[in-house]
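Here is the structure we will look at, set down as structure tokens.
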Amino acid sequence: MLQIYNTLSGSKEPFEPLDPGEVKMYVCGPTVYDAAHVGHALSYIVFDVVRRYLEYRGYRVRHVQNFTDVDDKIINRAHQLGVPWDELSRRYAAEFLKDMEALNVKQADSYPRASETIPAIIEDISRLIECGHAYEVEGDVYFRVLSDPDYGKLSGRRLEEMNAGARVELDERKEHPMDFALWKAAKPGEPAWDSPWGQGRPGWHIECTSMSTRELGPQLDIHGGGNDLIFPHHENEIAQSEAVTGKQPFARYWMHNGWLTLNQQKMARSEGNVLSVPAIVEKYGADAFRWFVLSSHYTRPLSYSDKAMISAVKSVDRLVQAAAPRTPEEEAGDSVASRTALPEHAVIQLDSLRGEFEAAMDDDFNTSRALAVLVKLSKEVNRLRATGESDTEALALLRELAGVLGFTLAPQDGGRRSSGDGSDAAADVDAYIELLVAIRDELRAAKQWKLSDRVRDGLRELGVALEDTAEGTKWRVDR
RNA sequence: GGCGACGUGGCCAAGUGGUAAGGCAGGGGUCUGCAAAACCCCUAUCAGCGGUUCGAUUCCGCUCGUCGCCUCCA
């Protein structure tokens, strides 16, 4: 049975969704004021794998991810660049979706935006005021943290402690220093909407409450996000949501991923140590980055390095080689007849590998162990192939399980190896390579080793690797 | 100051109260005209010091070190 580490309880718990067979999953999306970086990518890959595994386990997953598109940073950035805030946010949201596609992250079922949820937000805030959980001051509305006896339960903080150590500058108008804004009165030049409290815009936390409850109902199964969102964002979300809906818990399982660090520091826009998603996909490929991310447990911090990426590239190459080296003829020719030739011990072996994979993933998504299973599986494929036994079933299993982790196993991975656009130019190059390979084969037949080796070495330097196999010479673009 | 995470072989990284998965790198082999690829084999006592225990890397305490959150952040 699947166990998930729940931040709320601080322990692993058996996973049981509210409605059997269906999982309501909400993942906090980015604030779209700038390009996403691989730190974001890590988070969304993690939750992509969570989703894929739940689907593999037979759940119907409803996956919602928001865009925060009304926010101080967006407004400031838009002012700097001299563009309308909504144009800026739309641009980066579109870019984000492209990045996710490049990373083979499945699309969410819905991508609500704060700016399109204003009526629901106003409705929720009004309700909070009615219930005594919020109050208005000069056009601002604040959540009254003292009205929530459980406040702090997610992050394990107590109001008194935070009060004591708070470095936030005191706002005399607030009843309690930790009270947080639900609605902010508009300043000149800022985006604003009409509300019962005058012109203004929503605070950061309330949008997630309004969006998630409208999209998925009052209670979620899984709520995910980066580890830094635990406080204050998720803490505040819980307070608001449970106050609005009157239902507990707001989310049954809180999942938080660890940071991606670079040079011992968290990768963050504010630190300036970010790497863009397209740059990584271009340089190493989406599968390699995914391997890197999945090589450690999602709750742990992970440190980025070129060395680690190169290691990941090589590891993924093993899978790709095992999973996709067959010619179309081999693919088509391997029929049901040959499948029955699979020896019994191999069938048992495959079953146990699937079992190992599931056991690993059931244990709070232990992808590191799951990857080890994929390695074993590709060895098995190669072994069966080498002994002339049918590899069909092993290959199918390898592809299936790799797919559960979101690997494409595409030989022409992410533009790293191909000339990129699949243009005629690339096809022409293929023809030249084919020609050289054919000529080299003739040289080899004539035992002209020196010359044939020269062709091979020359191609090698141009990034084309040759392999002489029983079925003839194979070539692939490599780096 | 408060809360929390982490410290496992050259690098990355799982894991367990009874002497430690996997990947990369390295070494040896099989195969090959030679290679490549593939396959097989080999390489650690788990930061330090105490304690609990028949036995701890795994539990507890302390020390050292690294990092995160407490303000916007995946």
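Hydrogens, waters and symmetry mates are skipped; everything else that's a heavy atom, side chains included, is used.
A distance-only check finds a donor-acceptor pair linking the side chain of A/Asp69 to the backbone of A/Ser115 [under 3.5 Å]. When atom types are taken as modelled, the side chain of A/Arg300 and the backbone of A/Gly258 share no donor-acceptor pair closer than 3.5 angstrom. Between the side chain of A/Glu235 and the main chain of A/Lys153, a donor-acceptor pair closer than 3.5 Å is present. Under the 3.5 Å distance criterion, the side-chain polar atoms of A/Thr387 are matched with a main-chain donor or acceptor of A/Arg383. Of the possible polar contacts, one joining the A/Ser352 side chain to the A/Gln349 backbone as a donor-acceptor pair under 3.5 Å is found. With A/Tyr151 contributing its side chain and A/Asn236 its backbone, the two residues share no donor-acceptor pair below 3.5 Å. Judged by distance alone, the side chain of A/Arg440 and the main-chain N or O of A/Ser452 form a donor-acceptor pair under 3.5 Å.
Legend: residues meeting side chain to side chain donor-acceptor pair (under 3.5 Å) with A/Ser110, ordered by chain and number and at least two apart, are A/Glu215. When the ring pair (Phe, Tyr, Trp, His ring centres under 6.0 Å) test is applied to A/Tyr53, the partners found at least two apart in sequence or on another chain are A/Tyr56. With sequence neighbours left out, the side-chain contact (heavy atoms from CB on, under 4.5 Å) criterion links A/Leu436 to A/Val455, A/Leu459.
Checked by distance alone, A/Lys73 brings a side-chain donor or acceptor within 3.5 Å of a matching partner on the base of B/C72.
Comparing B/A14, B/C24, B/A74 against the side chain of A/Ser368 picks out B/A14 as the nearest.
Summarising the geometry, the separation between CZ on A/Arg269 and C1' on B/U71 is reported as 17 Å, rounded to the nearest angstrom. Rounded to a whole Å, the NE2 atom of A/His297 is 8 Å from the P atom of B/A14. For the pair A/Leu294 CG and B/C24 P, the interatomic distance rounds to 16 Å; values are reported in whole Å. Rounded to a whole Å, the OH atom of A/Tyr304 is 14 Å from the P atom of B/A13. Counting to the nearest Å, the P atom of B/G23 and the CG atom of A/Leu377 are 14 Å from each other. Across the protein-nucleic acid pair, A/Phe357 atom CZ and B/G22 atom P stand 18 Å apart, rounded to whole Å. Note: CD1 (A/Ile310) to P (B/G26) measures 13 Å, nearest angstrom. Going from atom CH2 of A/Trp291 over to atom C1' of B/A14 covers 13 Å, rounded to whole Å.
Residue A/Arg369 forms a salt bridge (charged side-chain N to carboxylate O under 4.0 Å, His left out) with just one option from A/Asp362, A/Asp364, A/Asp363, and that option is A/Asp363.
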Atom pairs and distances, donor-acceptor, side-chain atoms in residues 97-105 of chain A, under 3.5 Å, two or more places apart:
from, atom 1, to, atom 2, distance (Å)
A/Asn104, ND2, A/Gly406, O, 2.8

Could you tabulate the donor-acceptor pairs under 3.5 Å formed by side-chain atoms of residues 26-49 of chain A, not counting sequence neighbours?
from, atom 1, to, atom 2, distance (Å)
A/Tyr26, OH, A/Asn66, OD1, 3.4
A/His37, ND1, A/His40, ND1, 3.4
A/His40, ND1, A/His37, N, 3.0
A/Ser43, OG, A/Asn257, OD1, 2.8
A/Tyr44, OH, A/Cys28, O, 2.9
A/Asp48, OD1, A/Arg52, NE, 3.4
A/Asp48, OD1, A/Lys106, N, 2.9
A/Asp48, OD2, A/Arg52, NE, 2.8
A/Asp48, OD2, A/Arg290, NH1, 3.1
A/Asp48, OD2, A/Arg290, NH2, 2.9

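In this structure, A/Gly225 reaches the sugar-phosphate backbone alone: every heavy-atom distance under 4.0 Å involves primed, P, OP1 or OP2 atoms, never a base. Nucleic acid contact class of A/Leu260 (heavy atoms, under 4.0 Å, all strands): base.
Listed by residue number, the members of residues 25-36 of chain A with any heavy atom below 4.0 angstrom from RNA chain B are A/Gly29, A/Pro30, A/Thr31. Residues from residues 231-238 of chain A placing a heavy atom under 4.0 Å of any atom in RNA chain B, listed by number, are A/Phe231. Of the residues in residues 44-53 of chain A, those lying under 4.0 Å from RNA chain B by heavy-atom distance are A/Tyr44.
Of all nucleotides present, none satisfies the Watson-Crick or G-U wobble test against B/C31 with each distance under 3.5 Å. Pairing partner, B/A21: none, since no Watson-Crick or wobble contact has both distances short of 3.5 Å. Within the shown strands, B/C67 is the pairing partner of B/G4 under the Watson-Crick or G-U definition, both distances less than 3.5 Å. When both pairing distances are held under 3.5 Å, B/C46 makes no Watson-Crick or G-U pair with any nucleotide shown. Base pairing analysis places B/A14 opposite nothing; no Watson-Crick or G-U wobble pair with both distances below 3.5 Å involves it.
Remark on RNA chain B: of its neighbouring residues A/His37 and A/Ala372, the 5'-side contact belongs to A/Ala372, judged by nearest-heavy-atom nucleotide.
Residue A/Lys314 places at least one side-chain N or O closer than 4.0 Å to OP1 or OP2 of B/A25.
For the residue pair A/Tyr142 and A/Arg173, the shortest heavy atom distance occurs at OH-NH2, 3.1 Å.
Taking the six-membered ring for Trp and thresholds of 30 and 60 degrees, A/Phe407 and A/Trp291 have ring planes inclined between 30 and 60 degrees apart.
One P atom belongs to B/U45, the other to B/C39, and the distance between them is 28 Å to the nearest Å. When the P atom is used for both B/G15 and B/C3, the distance is 27 Å, rounded to whole Å.
For residues 255-281 of chain A, the pairs satisfying ring pair (Phe, Tyr, Trp, His ring centres under 6.0 Å) are A/His234-A/His256, with sequence neighbours left out.
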Are there any protein N/O atoms within less than 3.5 Å of an N/O atom in nucleotides 64-68 of chain B, and if so, which ones and at what distance?
from, atom 1, to, atom 2, distance (Å)
B/U66, O2', A/Gln264, OE1, 3.2
B/G68, O2', A/Trp259, NE1, 3.4

Pairwise N/O distances under 3.5 Å, protein to nucleotides 58-61 of chain B:
none

With salt bridge (Lys or Arg N to Asp or Glu O under 4.0 Å) as the test, would you mind laying out the steps for A/Arg144 and A/Asp179 before giving the verdict? CA-CA 5 Å; A/Arg144 181 178 280 132; A/Asp179 286 352; 5.9 Å; no
Full working for side chain to side chain donor-acceptor pair (under 3.5 Å) between A/Thr68 and A/Glu207: CA-CA 8 Å; A/Thr68 296; A/Glu207 63 178 65; 2.7 Å; yes
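Taking the six-membered ring wherever Trp is involved, the centroid distance between the rings of A/Phe67 and A/Phe96 falls below 6.0 Å.
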Base contacts versus sugar-phosphate-only contacts with protein, heavy atoms under 4.0 Å: please encode nucleotides 31-40 of chain B as B, S and - from 5' to 3'. --BBBBSSSS
